[in-house]
Amino acid sequence: MKRIAVITIKITANHQGVDFEALKKKEMPFIQKWKEEEVLENFYINSDTNGAVLIFKNLEMEQVIKNMEGLPFFPYLEKLEYIEINKIF
């Protein structure tokens, strides 16, 4: 079963004056909506909270990219990697 993993890293030090807590509150409804639509299988936050891993299913790469570009955190991401994977179990 095809999945798309998205690995993100955000850098807060270069963005003084940005309220990342407010951005997080704006971002969570996107995550919840994708979960309810059953296109987001898993969502992990790095232990230092400076990045995340999202596992999408039932979407093509173009739609995953479009979804990610719509997130409030998107302009603050230093690294964004998309990986097509196959779920074995």
Side-chain angles (χ1 to χ4, degrees):
M1 293 180 277
K2 182 179 127 184
R3 301 290 190 267
I4 298 173
V6 182
I7 301 167
T8 70
I9 305 265
K10 74 179 187 311
I11 298 300
T12 57
N14 298 339
H15 303 287
Q16 302 300 323
V18 177
D19 186 350
F20 285 101
E21 285 302 314
L23 284 177
K24 188 185 335 180
K25 289 178 184 174
K26 290 179 181 178
E27 187 150 298
M28 288 313 295
F30 288 87
I31 303 298
Q32 291 295 341
K33 179 178 175 257
W34 296 338
K35 184 69 176 166
E36 290 167 8
E37 293 173 347
E38 298 184 359
V39 296
L40 183 65
E41 186 170 59
N42 298 100
F43 175 59
Y44 304 93
I45 297 178
N46 295 7
S47 57
D48 63 4
T49 68
N50 231 14
V53 176
L54 299 91
I55 309 293
F56 286 93
K57 63 179 183 177
N58 304 325
L59 291 178
E60 296 300 321
M61 182 67 77
E62 296 79 19
Q63 185 60 45
V64 171
I65 292 170
K66 182 179 175 185
N67 284 357
M68 294 302 296
E69 289 175 348
L71 291 175
F73 270 120
F74 182 78
Y76 306 102
L77 297 177
E78 177 182 309
K79 180 180 178 185
L80 190 62
E81 186 174 356
Y82 299 94
I83 305 168
E84 287 192 23
I85 55 177
N86 288 310
K87 183 175 180 177
I88 305 303
F89 60 88

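All values below come from the heavy atoms of this structure, side chains included, with hydrogens, waters and symmetry mates left out.
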How long is the span from the CG atom in N50 to the CG atom in L77, to the nearest 0.5 Å? 10.0 Å

Heavy-atom neighbours of Y82 OH exceed 12 at 6.0 Å: yes

Taking the inter-plane angle between the rings of F20 and F73 on a 0 to 90° scale, is it parallel (under 30°), tilted (30 to 60°) or perpendicular (over 60°)? parallel

Hey, are the side chains of M68 and L54 touching, using non-hydrogen atoms and a 4.5 Å cut-off? yes

Once rounded to the nearest 0.5 Å, what's the spacing between atom OG1 of T8 and atom CG of L71? 9.0 Å

Kindly compute the distance separating CD1 (I4) from CG (L59), expressed to the nearest 0.5 Å. 7.0 Å

Taking I45 as the starting point, is it possible to reach M28 by hopping between hydrophobic residues whose side chains are less than 4.5 Å apart? yes

Pair up each side-chain donor or acceptor in residues 29-39 with any protein partner under 3.5 Å, not counting sequence neighbours, and list the distances.
residue, atom, partner, partner atom, Å
K33, NZ, E37, OE2, 3.2
K35, NZ, E41, O, 3.3

Between V64 and V53, is there a shared hydrophobic cluster once you connect ILVMFWY residues whose side-chain heavy atoms come closer than 4.5 Å? no

Heavy atoms of other groups near K66 NZ, more than 12 under 6.0 Å: no

Hydrophobic cluster membership, with links at side-chain heavy-atom distances under 4.5 Å among I/L/V/M/F/W/Y: are F56 and I7 in one? no

Would you call E27 and K24 a salt bridge, taking side-chain N to carboxylate O under 4.0 Å as the test? no

Residues I85 and A5: closest non-hydrogen pair is CD1-CB, 4.0 Å

Do K57 and M1 touch side chain to side chain, with heavy atoms closer than 4.5 Å? no

Spatial distance of atom CD1 (I9) from atom NZ (K79) [nearest 0.5 Å]: 6.0 Å

Drop me the distance from Q63's CD to N58's CG, to the nearest 0.5 angstrom. 12.0 Å

Quick check: do L80 and V6 have side-chain heavy atoms less than 4.5 Å from each other? yes

